[in-house]
Amino acid sequence: MIRIGTHRRPATWSRYPMEYALDRFTAEITAAIAATKRVPPELIELVTPKANIPADLAFPTFKAAKALGVAPPQLAAELAAQIQPTADVLIGAVVATGPFLNFSLHPERLAHMVLTTIALQGDQYGAQADGAGKTVVVDYSAPNIAKRMHVGHIRSTIIGQAIVNIYRATGHTVIGDNHVGDWGKQFGVVLAAIEREGQTRAVGEAALAELEAQYARYSTAAKEDPELDARARHWSLRLEQGDREARAIWQWCVNLTMSAAQRNYDRLGVQIDHAYGESFYEPMLAEMIQQALDRAVAFRDDGGAVVVENLQNLPTFLLQRSDSGTLYMTRDLATVVFRLREFAPSAIIYVVGEPQALHLRQLFALTRAMGYANDVALSHVAFGTIFDTTGQPLSTRRGNMVYLEALLDDAVARARSVVEQKSPELPDGEKQAIAEAVGVGAVVYNDLYQDPKRNITLDWERMLATEGNSATYLQYSHARCCSILRRAREDGGSGSHLDATLLTHPAEVRLIKHLARLPDALREAAERYAPFVIADWCYATAREFGVFFEQCSVLKAETPTLRSARLALTAATAQALRRGLALLGIRAPERM
RNA sequence: GGCCCGGUAGCUCAGUGGAUGAGAGCACUAGUCUUCGGAACUAGGUGUCGGGGGUUCGAAUCCCUCCCGGGUCGCCA
């Protein structure tokens, strides 16, 4: 008998994750096979069987049998005969099926352990200690100053935040850094355009829109007038050299942009620890270039440019222009060096679009060639491009650009109309909060449900889908759990003594087994930089709950003790779903 | 041309060495339902896993090669 929901959680649980059921199961099997002394430990590799196999973990005996010189089915049968699960392990049954040795979980013991774990860990369920003592820097979002955030920034922001959440949950100290694009020649264009047309008096996103328009007009004109191009480069240099007027306008642009970006971040649940921005590294650039020259990684060519070539067969690139201006690469190099000194990370993760894959490979090679980061993992989480429904890339020039704020507003408005239709009785404030959670959740999920490296299509119908693999379906499943729990509270009969071993219905067992998988999903998501692994887990959880909901009545369970056990399972499902969604940055309303 | 990423059901995608089912969702068809919230559940698939070779006891998964789509290749970021 276990108590669920009535005790206080020990303060240590969130900091020292407990052993998870499937980890113990795996360890028990490995130990049991090893104990037969028939199979060398290094040949014990377990696999998860396909869904049609009635087992939870399997040992394929092929390799071991070959090494031992026996037929695989014979070895499997031999081992099955030798392994007798005792009453205190999670192993329920051991069966040899041809060359496979199949292990099944003991449903009652699993139920007890999983529900206990989730109740104890609460919103920390699945947390790992793997990353304890390690620091990871995540570079994400990176809006451009003097521009609105558009769909081009949304992927880095959303995927980056999910990776931050996931790494925190695996015990890492995570430093998020918003590498804001506030420097470089493009900014020279901004300043030159303002000089030419005057400073807009608009505010908020409207001001940013005007700055974008000025930028576009200037760029177009500069194509036919080399004078204007030179003027922009001149402003770029003035800015780099600390010119007061250039700096003042620059600061105005930065403030304007960041306050607009913050509104989007707040809605998306995004919190980034730092926003040093490219400009921050200006004082380090001369030193970086000098080091590259001193260490013979780069050379100065006849035109005065600093060139890096023949680096690991990568294409040649520059660290300094022939007019002495610096480049993206120069600042990125300084950024790595700064992060190494400041945070001493074991890894730096760049959440940046796939088109910059080559740039980052060059950066990583350069960093190492200069003697930095030899024991630090440098990773690029590359995400694909967003296209419109006709397959065209989104761009301002094409006129099909979608801005983040407008995208979120639109999604929320559509969600609001569904809420009005489905839940007219709710108070207005709650309706709006639900619409915000559902609309924004849909946008976020659209970016996280699949492998980031795939290109994605901006498709309203799919993004705001309320069924299938969608954010709304997950939120709805959670709300249903909450509804049952709410009604149970109103009935006053949720009993505190719970016997999880009563949960033996196939739908209950399946749901419990699935809940047990979150810790593994979290580990895999971290290893692969793949939030979609968590999304998949959430979706499968919601589906298993849907089956349970249909087949096992909670409030009208046959006996009070079964009702209590099912309430505990429902509470655990709600808790775990909330946890999974939180890792993705999606809110889970209790009603919708 | 070199390099990178994709190519799995009509569409959008999982699966990247293991089991005579290659899975989900959407769409389509037919059901469940006096609803613990129907934004639900159930049933229905003749798929050259882009083509062809190879490695392996075993390949959608690893290797080679070719085809198709996208990206990228010194003074933008």
Side-chain angles (χ1 to χ4, degrees), chain A residues 45 47 49-53 55 58 60 62-63 65-66 71-72 97-100 102 142 144 181 183-189 233 278 301 303-309 313-323 325-329 331-332 352-359 361-362 382 384-385 387 391 393 418-419 421-423 438 449-451 453-457 459 461-462 465-470 472-473 475-477 479-488 491 532-533 535-536 539-540 542-543 545-547 549-557 563 566-567 570 591-592:
Chain A
E45 282 174 32
V47 301
K50 287 191 168 183
N52 61 324
I53 308 296
F62 303 99
K63 282 173 192 155
K66 192 169 192 175
T97 308
F100 292 88
N102 288 333
N144 290 319
W183 214 241
K185 189 188 161 189
Q186 56 146 33
F187 217 89
V189 175
R233 240 200 308 272
E278 293 184 58
D301 75 4
V306 175
V307 183
V308 179
E309 64 179 20
N313 293 322
L314 292 166
T316 302
F317 59 93
L318 301 183
L319 282 179
Q320 190 172 30
R321 301 195 303 245
S322 50
D323 69 359
T326 58
L327 293 149
Y328 186 39
M329 185 66 82
R331 293 186 282 277
D332 267 4
V352 175
E354 201 276 337
Q356 293 191 50
L358 175 59
H359 167 77
R361 282 176 62 200
Q362 289 171 322
T385 307
F387 295 96
V418 177
V419 174
Q421 178 196 332
K422 304 275 183 184
S423 305
V438 171
Y449 82 99
Q450 65 182 42
D451 194 322
K453 63 172 166 275
R454 300 193 82 99
N455 295 334
I456 62 176
T457 301
D459 180 344
E461 206 166 311
R462 196 171 70 235
T466 59
E467 43 192 78
N469 191 0
S470 68
T472 308
Y473 174 65
Q475 290 168 321
Y476 176 69
S477 301
R480 279 176 127 187
C481 291
C482 292
S483 176
I484 293 173
L485 298 171
R486 190 164 51 238
R487 292 186 57 151
D491 295 352
F532 78 86
V533 173
D536 269 351
Y539 177 51
R543 279 195 316 170
F545 175 74
V547 176
F549 181 89
E550 289 294 322
Q551 299 188 5
C552 306
S553 179
V554 177
L555 298 179
K556 294 173 190 160
R563 182 176 187 268
R566 284 181 176 167
L567 278 170
T570 304
R591 296 192 289 190
M592 56 188 279

Is any side-chain heavy atom of A:F387 less than 4.5 Å from a side-chain heavy atom of A:I456?
-> no
Between the base of B:A22 and the side chain of A:N52, is there a donor-acceptor distance below 3.5 Å?
-> no
Which dot-bracket string describes RNA chain B (Watson-Crick N1-N3 plus N6-O4 or O6-N4, or G-U N1-O2 and O6-N3, all under 3.5 Å; [ ] crossing; | other strand)?
-> ((((((((.[[[[.)..(....]]]].(((((.......))))).....[[[[[..)....]]]]])))))))....
Distance below 4.0 Å between A:R361 side-chain N/O and B:C73 OP1 or OP2 | no
Provide the distance between the two C1' atoms, one in B:G37 and one in B:A27, to the nearest whole Å.
-> 26 Å
Do A:Y328 and A:Q356 have a side chain donor and acceptor closer than 3.5 Å?
-> yes
Could you tell me whether the phosphate oxygens of B:G7, OP1 or OP2, come under 4.0 Å of any side-chain nitrogen or oxygen in A:R454?
-> yes
With a non-hydrogen cut-off below 4.0 angstrom, is A:I484 in contact with a base, only sugar-phosphate, or nothing?
-> base
Pick the P atom in B:U48 and in B:U12, then give their distance to the nearest Å.
-> 16 Å
Using a heavy-atom cut-off of under 4.0 Å over every strand shown, decide if A:A479 touches base, sugar-phosphate, or nothing.
-> base
Which nucleotide, B:G18, B:G74, B:A24, lies nearest any side-chain atom of A:R543?
-> B:A24
Relative to the 5' end of RNA chain B, which residue comes earlier, A:N455 or A:V547, by the nucleotide with the nearest heavy atom?
-> A:N455
Under a 90° cut-off about 0 for the syn range, is B:G74 syn or anti?
-> syn
If every non-hydrogen atom of A:D536 is compared with every non-hydrogen atom of A:N469, which pair is closest and at what distance?
-> OD1-ND2, 4.4 Å
With heavy atoms under 4.0 Å as the rule, sort A:D332 into base, sugar-phosphate or nothing.
-> nothing
What nucleic acid atoms does A:K556 come within less than 4.0 Å of, heavy atoms only: base, sugar-phosphate, or nothing?
-> sugar-phosphate
Return the value, rounded to whole Å, for the distance between atom NZ of A:K453 and atom P of B:C13.
-> 13 Å
Rounded to whole angstrom, note down the P distance from B:U61 over to B:A9.
-> 15 Å
State whether the aromatic ring of A:F100 stacks on the base of B:A19, taking stacking to mean ring centres under 5.5 Å apart and ring planes under 30° to each other.
-> yes
Which is true for A:P72 with a 4.0 Å heavy-atom rule: it touches a base, it touches only sugar-phosphate, or it touches nothing?
-> nothing
Ranking B:G37, B:A40, B:C75 by distance to the side chain of A:D301, first place goes to B:C75
What nucleic acid atoms does A:A58 come within less than 4.0 Å of, heavy atoms only: base, sugar-phosphate, or nothing?
-> base
So, is A:K50 close to the B:G23 phosphate, meaning a side-chain N or O under 4.0 Å from OP1 or OP2?
-> no
Side-chain N or O of A:Y473 less than 4.0 angstrom from OP1 or OP2 on B:C41?
-> yes
Considering just the side-chain nitrogens and oxygens of A:K422, establish if one lies under 4.0 Å of OP1 or OP2 belonging to B:A39.
-> yes
Decide yes or no for A:R233 and A:R321: does some side-chain heavy atom of the first lie under 4.5 Å from some side-chain heavy atom of the second?
-> yes
Just checking A:C481: base, sugar-phosphate only, or nothing, at a heavy-atom cut-off of under 4.0 Å?
-> nothing
Kindly point out which of B:G37, B:A77, B:A19 is positioned nearest to the side chain of A:N102?
-> B:A19
Under 4.0 angstrom, heavy atoms only, what part of the nucleic acid is A:A51 near: base, sugar-phosphate, or nothing?
-> base
When we call it a touch if two heavy atoms are under 4.0 Å apart, what does A:M592 touch: a base, just sugar-phosphate, or nothing?
-> base
Which part of the nucleic acid, if any, lies within reach of A:V438 when heavy atoms closer than 4.0 Å are counted: base, sugar-phosphate only, or nothing?
-> nothing
Give a yes or no on whether the ring-centroid distance for A:F62 and A:F100 is below 6.0 angstrom.
-> yes
Separation of A:Q551 atom CD from B:C41 atom C1', in whole Å?
-> 9 Å
The side chain of A:Y449 lies closest to which of these nucleotides: B:U12, B:G37, B:A24?
-> B:U12
Would you say the base of B:C36 and the side-chain of A:S483 have a donor-acceptor pair closer than 3.5 Å?
-> no
Minimum-distance nucleotide (side-chain atoms of A:K185 versus B:A14, B:A19, B:C76) = B:C76
Classify the nucleic acid contact of A:E278 as base, sugar-phosphate or nothing, counting any heavy atom under 4.0 Å across all strands shown.
-> sugar-phosphate
Is any side-chain heavy atom of A:R361 closer than 4.5 Å to a side-chain heavy atom of A:L314?
-> yes
May I ask you to say what A:V554 touches in the nucleic acid, namely base, sugar-phosphate or nothing, with a heavy-atom cut-off under 4.0 Å?
-> base
Got a sec: does the CG of A:N313 have more than 12 other heavy atoms crowding it under 6.0 Å?
-> no
RNA chain B nearest-nucleotide lookup for A:D451 and A:Q356: closer to the 5′ end is A:D451
So, is A:K66 near the phosphate of B:C57, with a side-chain N or O under 4.0 Å from OP1 or OP2?
-> yes
B:C41 pyrimidine/purine six-ring stacking with A:F549, under 5.5 Å and 30° | no
Is A:R487 near enough to B:G37 that one of its side-chain N or O atoms lies under 4.0 angstrom from OP1 or OP2?
-> yes
Looking for any heavy atom pair under 4.0 Å, which part of the strands does A:I456 touch: base, sugar-phosphate only, or nothing?
-> nothing
Does A:S470 use its side chain to pair, donor to acceptor, with the backbone of A:A465 at less than 3.5 Å?
-> yes
Please determine, for the side chain of A:P355, which listed nucleotide (B:G25, B:A77, B:G71) has the closest atom?
-> B:G71
Touch check for A:E354, heavy atoms < 4.0 angstrom, all strands: base, sugar-phosphate only, or nothing?
-> base
side-chain hydrogen bond (donor to acceptor under 3.5 Å, both in side chains) with A:T326: of A:R331, A:K185, A:Q320, only one passes, and it is A:R331
Side chain to side chain contact (heavy atoms under 4.5 Å, CB included) assessment of A:V418 paired with A:V438 = CA-CA 10 Å; A:V418 177; A:V438 171; over 6 Å; no
Between B:A77, B:C36, B:A14, spot the one nearest the side chain of A:Q450, thanks.
-> B:A14
Donor-acceptor contact present, side-chain A:Q362 to main-chain A:P315, <3.5 Å = yes
